[in-house]
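These notes concern the structure reproduced below.
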Amino acid sequence: MSVQPAATAACPCCGTQTDLVPGPSYTPCTCCGHRWRSPQAATLPGYYQNLVARNDPQAPWFRRKIVDRLQALSSLLEHGGVARVLEVGCAEGDLGAAVKARFALEYEGVELSRDRELAGHKLDRVFPTPAGQIEAAPYQLIASFHVLEHIAQPAQELAAWSRLLAADGRILVEVPNRSGHPLLVDDQNPEHLHQFSTASLTALLARCGFDCQALSTGHYESPVYPDSIRVLAQRRLAADDQRSQLLARFRDGFGGPFVVYGIGGDFLNYIAPLAEALQIQALLDSSPGKWGQCIARHVVRAYDPELDGQLPVLVCSIRFGAQIRQHLLELGIGSERIVGLETLYECGT
Ligand SMILES: [Zn+2]
């Protein structure tokens, strides 16, 4: 008797080859803990287009989730810089309407169900098609609550979001945490094709070119889905873009040639890899033991007011920056010429 080998498929989140569980049951990924299944007969193409009144706006849990999501979006919007928001799965548009009441921005939505008609009266624009079919100007923020678990190919959906996102844009994604309820093993909701874990959602985002900025669990959708994962992510910069943005900080910080003071570990870590592209005129140190060493095509030497007297000075130590700055002031170097390594590397929070 021959035994048929089990059919396998790649995990839609981490890509690990996994033996498929036949039938409507979820297949568990042994690597990232994701569980997924094929689209159910009840949710074939066209299914969502016929639905209407998916939420009861009078229900207390509806208000609770809108308030929670409004708070999350507000914390991202209150610092400015966001002119256009897209909410994938905007339902009847109540969250968008609440955001627009607080912030002057364009808020557009994607909604396949007939709830899009109501949303059309509240939002700036509502697309009745999947995000993959949208042509629109870039969005600085794409938000999506409890949508990704409905989509058979979540990686394709994230690719569509990535295409619609501004270069410095971010996505805010929320899905049920596993079944969405801590006491429920399996979610039998036929609309749900995925049970994400924190590991599987972050693996999926990473494979789709996103870096997570924040992840939290326990977010409320409804009494039966009280536990959701929420992730804030941005598109990962290519290595060339990382480098060119870092070099731009040096150009903005110095506007021309400069000298480096303090040739230690921080210099080797944070300046030497960029040295060929920087306008470094000299490497300086107060320690005689370092004088004469040749590093990054410069010979380390002491400060010389005749040679270095006009140039800005980069203080190249995070740990000893304050002492070096004091030493430079004692050498008669004006404070306006002194630039700390931290001012070039620090990022806003
Ligand atoms: Zn996996």
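Order of appearance sets the numbers: ligands from 1, and atoms from 1 within every ligand. This chain uses plain numbering: 1 for the first residue, then up along the sequence.
With respect to the salt-bridge test (charged N to carboxylate O, under 4.0 angstrom), the residues K122 and E92 do not qualify. Under the 4.0 Å criterion applied to side-chain N and carboxylate O atoms, D241 and R236 are not assigned as salt-bridge partners. With salt bridges taken as basic N to acidic carboxylate O contacts below 4.0 Å, one links D124 and K100.
The distance from the Zn ion (ligand 1) to the nearest N/O/S atom of C13 is not under 2.8 Å. Because the distance cut-off is set at 2.8 Å, C11 qualifies as a neighbour of the Zn ion (ligand 1) through one of its N, O or S atoms. With 2.8 Å as the limit, C29 counts as an N, O or S neighbour of the Zn ion (ligand 1).
For E78, the CD atom is densely surrounded, since the number of other residues' heavy atoms within 6.0 Å is greater than 12.
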